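Working notes for the structure below.
Because the structure is a prediction, the values reported are computed rather than measured. Values reported hereafter were calculated over all heavy atoms of this structure, with side chains retained and with hydrogens, waters and symmetry mates removed. Ligands are counted one by one from 1 in listed order, and the atoms in each one are counted from 1 as well.
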Amino acid sequence: MNIAIIGTGNVGGALATNWSKKGHSIFLGVQNLEKFKGIALLSNPNTKALPVREAVSQADVLLIATPPTAIFEILGQLGEVSGKVIIDATNSVRQAPDPYKTVYHCLADKTSAEVVKCFNTTGFENMLDPVYQGVGIDMFMAGDSEKAKSVATQLALDAGFGSCIDFGKSDKVELLEKFALSWINLAIMQGQGRGIAFKLLRR
Ligand SMILES: NC(=O)c1ccc[n+]([C@@H]2O[C@H](COP(=O)([O-])OP(=O)(O)OC[C@H]3O[C@@H](n4cnc5c(N)ncnc54)[C@H](OP(=O)(O)O)[C@@H]3O)[C@@H](O)[C@H]2O)c1
């Protein structure tokens, strides 16, 4: 796939790295080509940096991994995105993109893209290495677009996750952010550390 990574920090960098190794073409959409977090990603295979608008034009899949409130500036640079898949990996834990509850809701309202919330429920270290004792941990997703969910599932598997579990439609997007907050609570506030992950077990 041709993937634009908007937000090339902890989360965008981890996923860009794993997807590039799987043979996907990565277009880092950055604000300043000379100086941006994740500039070292340029040594990954199949990876180049472009202004946000140009990265989006090259891609059929977009990952948004920025602070949530950056979405308003990014919206002005997206251009035509109908038919493209946008994966929202943000969490509005500290600040929501007011008046929207989440970036997913903003994108669903302001664009005609296929939107999915995914890659928000665990720490970036787990996105870089999602394998514990030889077992891939789970990723989770929510949203109304089946096409976007199918792409997110493939990209979760390509990143090394064991599976990508469907949390439900757009009415479950906020629950998925609460689920992310549950990981943050355990890892940080309750002191379990960032080397923890969720996996659904079945009988
Ligand atoms: N950290 C985690 O473990 C984790 C886990 C799950 C979800 N999340 C969520 O993922 C998002 C990113 O977190 P992070 O830790 O990866 O952040 P980060 O390392 O601080 O990276 C943020 C990135 O966003 C870019 N950015 C900011 N404003 C932008 C704009 N207007 N246009 C384009 N790019 C812009 C920054 O670019 P510059 O380099 O140019 O400043 C930087 O590359 C947040 O919403 C967070 O809640 C984080």
Side-chain angles (χ1 to χ4, degrees), residues 3-19 26-42 44 47 49-57 59 62-79 81 86-98 100-107 110 115-130 137-142 152 155-156 159 161 164 167 173-189 192-198:
I3 306 172
I5 309 281
I6 318 297
T8 55
N10 298 318
V11 170
L15 293 171
T17 297
N18 284 338
W19 292 337
I26 305 298
F27 301 92
L28 307 173
V30 302
Q31 303 177 95
N32 179 350
L33 286 168
E34 305 300 319
K35 185 174 179 289
F36 61 92
K37 188 170 182 181
I39 200 162
L41 298 169
L42 290 173
N44 286 343
T47 301
L50 294 169
V52 172
R53 187 182 296 276
E54 287 174 41
V56 171
S57 74
L62 285 57
L63 176 80
I64 307 288
T66 62
T69 48
I71 195 60
F72 299 112
E73 190 183 340
I74 292 164
L75 274 175
Q77 301 170 303
L78 287 185
V81 287
I86 307 184
I87 302 173
D88 167 24
T90 69
N91 279 317
S92 302
V93 174
R94 291 194 191 87
Q95 198 179 8
D98 201 41
Y100 299 99
K101 290 171 178 163
T102 73
V103 167
Y104 174 99
H105 292 90
C106 176
L107 288 167
K110 294 283 191 189
V115 187
V116 62
K117 168 76 76 183
C118 191
F119 301 109
N120 70 306
T121 56
T122 196
F124 70 90
E125 301 91 338
N126 286 332
M127 301 193 211
L128 197 55
D129 180 8
I137 60 171
D138 289 334
M139 184 36 70
F140 303 84
M141 61 183 171
L155 288 177
F161 286 91
C164 191
F167 238 62
V173 165
E174 286 174 88
L175 185 60
L176 202 51
E177 291 209 357
K178 291 278 187 333
F179 192 46
L181 193 51
S182 302
W183 183 90
I184 293 166
N185 174 53
L186 283 176
I188 298 166
M189 295 148 198
Q192 295 280 343
R194 297 178 66 93
I196 60 167
F198 295 128

Per-atom contacts, ligand 1 versus [X] - under 4.0 Å to a heavy atom:
{"X": "Asn120", "answer": "6 (C), 7 (C)"}
{"X": "Met127", "answer": "5 (C), 6 (C)"}
{"X": "Gly7", "answer": "23 (C), 24 (O), 25 (C), 43 (O)"}
{"X": "Ala89", "answer": "7 (C), 8 (N), 9 (C), 10 (O)"}
{"X": "Thr122", "answer": "5 (C), 6 (C)"}
{"X": "Pro68", "answer": "45 (O)"}
{"X": "Gly123", "answer": "3 (O)"}

Please state which protein non-hydrogen atom is closest to [atom] and give its distance, to 0.1 Å?
{"atom": "atom 29 (C) of ligand 1", "answer": "Gln31 NE2, 3.5 Å"}
{"atom": "atom 13 (O) of ligand 1", "answer": "Val11 CG2, 4.2 Å"}
{"atom": "atom 39 (O) of ligand 1", "answer": "Lys37 N, 2.8 Å"}

Without placing hydrogens or testing angles, list every side-chain donor-acceptor pair under 3.5 Å for residues 117-124, not counting sequence neighbours.
| from | atom 1 | to | atom 2 | distance (Å) |
| --- | --- | --- | --- | --- |
| Lys117 | NZ | Asp88 | OD2 | 2.6 |
| Lys117 | NZ | Thr90 | O | 2.8 |
| Lys117 | NZ | Glu177 | OE2 | 2.6 |
| Asn120 | ND2 | Asn91 | OD1 | 3.0 |
| Asn120 | ND2 | Leu176 | O | 3.4 |
| Thr122 | OG1 | Asn126 | ND2 | 2.8 |

What residues form a ring-ring contact (aromatic ring centres under 6.0 Å, His included) with Phe179, not counting sequence neighbours?
->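 Applying ring-ring contact (aromatic ring centres under 6.0 Å, His included) to Phe179 gives Phe140, Phe167, Phe198.
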Quick one: which of Leu15, Asn32, Asn91, Ile64 has a heavy atom closest to atom 47 (O) of ligand 1?
->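 The residue whose heavy atom sits nearest atom 47 (O) of ligand 1 is Asn91.
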May I ask whether atom 11 (C) of ligand 1 is less than 4.0 Å from at least one protein heavy atom?
->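 For atom 11 (C) of ligand 1 the answer is yes, since some protein heavy atom falls inside 4.0 Å.
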